[in-house]
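Following: one structure in structure tokens, then a few remarks.
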Amino acid sequence: MLHRKYFGALGAVAISMTLAGCGSTATPTAAKPATPNSSAAAGPASSSPTPHAALLTKAQLTSALLPLSQMPAGWSTEEDSSSGEKTFCDYRQPHKARIQVSRTFQKGGGLTATVATVGIRQYASASDAAESFTAMEKALETCHQETYQGSVLKYSPMSVDKLGDQSLGVRIDSDGTTLLQQFTLDGPTLINVGTGGLTNAEADTATKLLRDQVDRYEAAARK
């Protein structure tokens, strides 16, 4: 399909790379508190972070992903083909996620097609998740453009809601396609939402999906 041709490189960089490298699943235990960190690229901590959220199983995390029933009208589920180890400008990840889950949705077709992805990466502890978030944040301070699979990808900071412990946003432009990618550090997890398309990246949709995904994860982690 046409949207795959243009969205593919963006998805590999901004979605697959943040949900890649699923490691072995550890037995869920209480997560350690996150190590505080700060940077201008990320939003300040919210009033109700979740550093003591319990680690969940893969089945529980999958259940915590936004379902189709919570999507706005017009969306359908799509096979999630995200894979690989690509990171922004190939920065090194300090820790591998123990569990990763994601779900992809599609709306429209052809030139008007829009794709949305929600994902959760759970680390061994909140401190591992915080260090991984900081590594991505630091990489984006100097990574503004790269060439991947023959496409030039341009990265720009983007404002996002202040959710979880910290949040940051990235706008990615390539070959006339725009992807809006938002990340939230929430206890032992990194939560991400991305929307993209040739004619409409739907910023309002991305913002709402991030809020809904964070709320759904936090509800599951506190049960």
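Summarising the geometry, atom NE2 belonging to H144 is positioned 12.0 Å from atom OH belonging to Y155; distances are rounded to the nearest 0.5 Å. Of the inter-residue distances, the one linking D173 atom CG with S151 atom OG reads 12.5 Å to the nearest 0.5 angstrom. A distance of 9.0 Å separates OH of Y217 from CZ of R222, quoted to the nearest 0.5 Å. Atom CG of L185 sits about 11.0 Å away from atom CD of E131, to the nearest 0.5 Å. In this structure, I172 CD1 and Q181 CD are separated by 6.0 Å, a value rounded to the nearest 0.5 Å. Note that CG of L61 and CD1 of I120 are 5.5 Å apart. Values are rounded to the nearest 0.5 Å.
Scanning all heavy atoms of the two residues, the minimum distance from T189 to A129 falls at N-CB, 3.9 Å. Taking both residues in full, the closest heavy atoms of S167 and T184 are given as OG-OG1, 3.0 Å, listed atom of the first, atom of the second, then distance. Between V160 and G169 the shortest heavy-atom distance is CG1-CA, 3.5 Å. Minimum interatomic distance between C89 and E146 (heavy atoms only, all atoms of both residues): N-OE2, 2.9 Å. Closest approach of A124 and L55 over heavy atoms only: O-CD1, 3.4 Å. Considering every non-hydrogen atom in both L65 and V118, the closest pair reads CD2-O, 4.0 Å.
Side-chain contact check for Q106 versus T114: every heavy-atom pair is 4.5 Å or farther apart. Counting heavy atoms from C-beta outward, E78 and F105 have side chains that stay 4.5 Å or more apart. Looking at heavy atoms from C-beta onward, T77 lies out of side-chain contact with T104 at the 4.5 angstrom threshold. Side-chain atoms of Y91 and L140, non-hydrogen and from C-beta on, never get closer than 4.5 Å to each other. Between L168 and M158, every side-chain heavy-atom pair lies at or beyond the 4.5 Å cut-off.
The backbone N or O of D128 sits less than 3.5 Å from a side-chain atom of S132, completing a donor-acceptor pair. Not a single donor-acceptor pair under 3.5 Å links the side chain of T147 to the backbone N or O of G150. Side chain of R103 to main chain of T117: no donor-acceptor pair is present (N/O by atom type, distance under 3.5 Å, no hydrogens or angles). Proximity of a side-chain donor or acceptor of S174 to a complementary backbone N or O of T177 within less than 3.5 Å is not detected. Using modelled atom types, one side-chain atom of Q122 and one backbone atom of L56 make a donor-acceptor pair closer than 3.5 Å.
In summary, of the residues considered (V214, V193, D204), a side-chain contact (heavy atoms from CB on, under 4.5 Å) with L209 occurs for V193 alone.
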Derivation of the side-chain contact (heavy atoms from CB on, under 4.5 Å) call for L190 and F183 | CA-CA 7 Å; L190 289 184; F183 304 87; 5.8 Å; no
Test N192 against Q182 for side-chain contact (heavy atoms from CB on, under 4.5 Å), laying out the working first.
-> CA-CA 6 Å; N192 77 286; Q182 304 184 13; over 6 Å; no
Show your reasoning for whether side-chain contact (heavy atoms from CB on, under 4.5 Å) applies to R121 and I99.
-> CA-CA 6 Å; R121 293 182 76 188; I99 304 175; over 6 Å; no
Test F88 against L153 for side-chain contact (heavy atoms from CB on, under 4.5 Å), laying out the working first.
-> CA-CA 10 Å; F88 291 111; L153 305 172; over 6 Å; no
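By the side-chain hydrogen bond (donor to acceptor under 3.5 Å, both in side chains) test, T205 is found to be paired with E202, residues two or more places apart in sequence or in another chain being considered.
Residue pairs meeting the side-chain hydrogen bond (donor to acceptor under 3.5 Å, both in side chains) criterion with at least one member in residues 206-216, sequence neighbours excluded, are Q70-R216, D161-R211, K208-D212.
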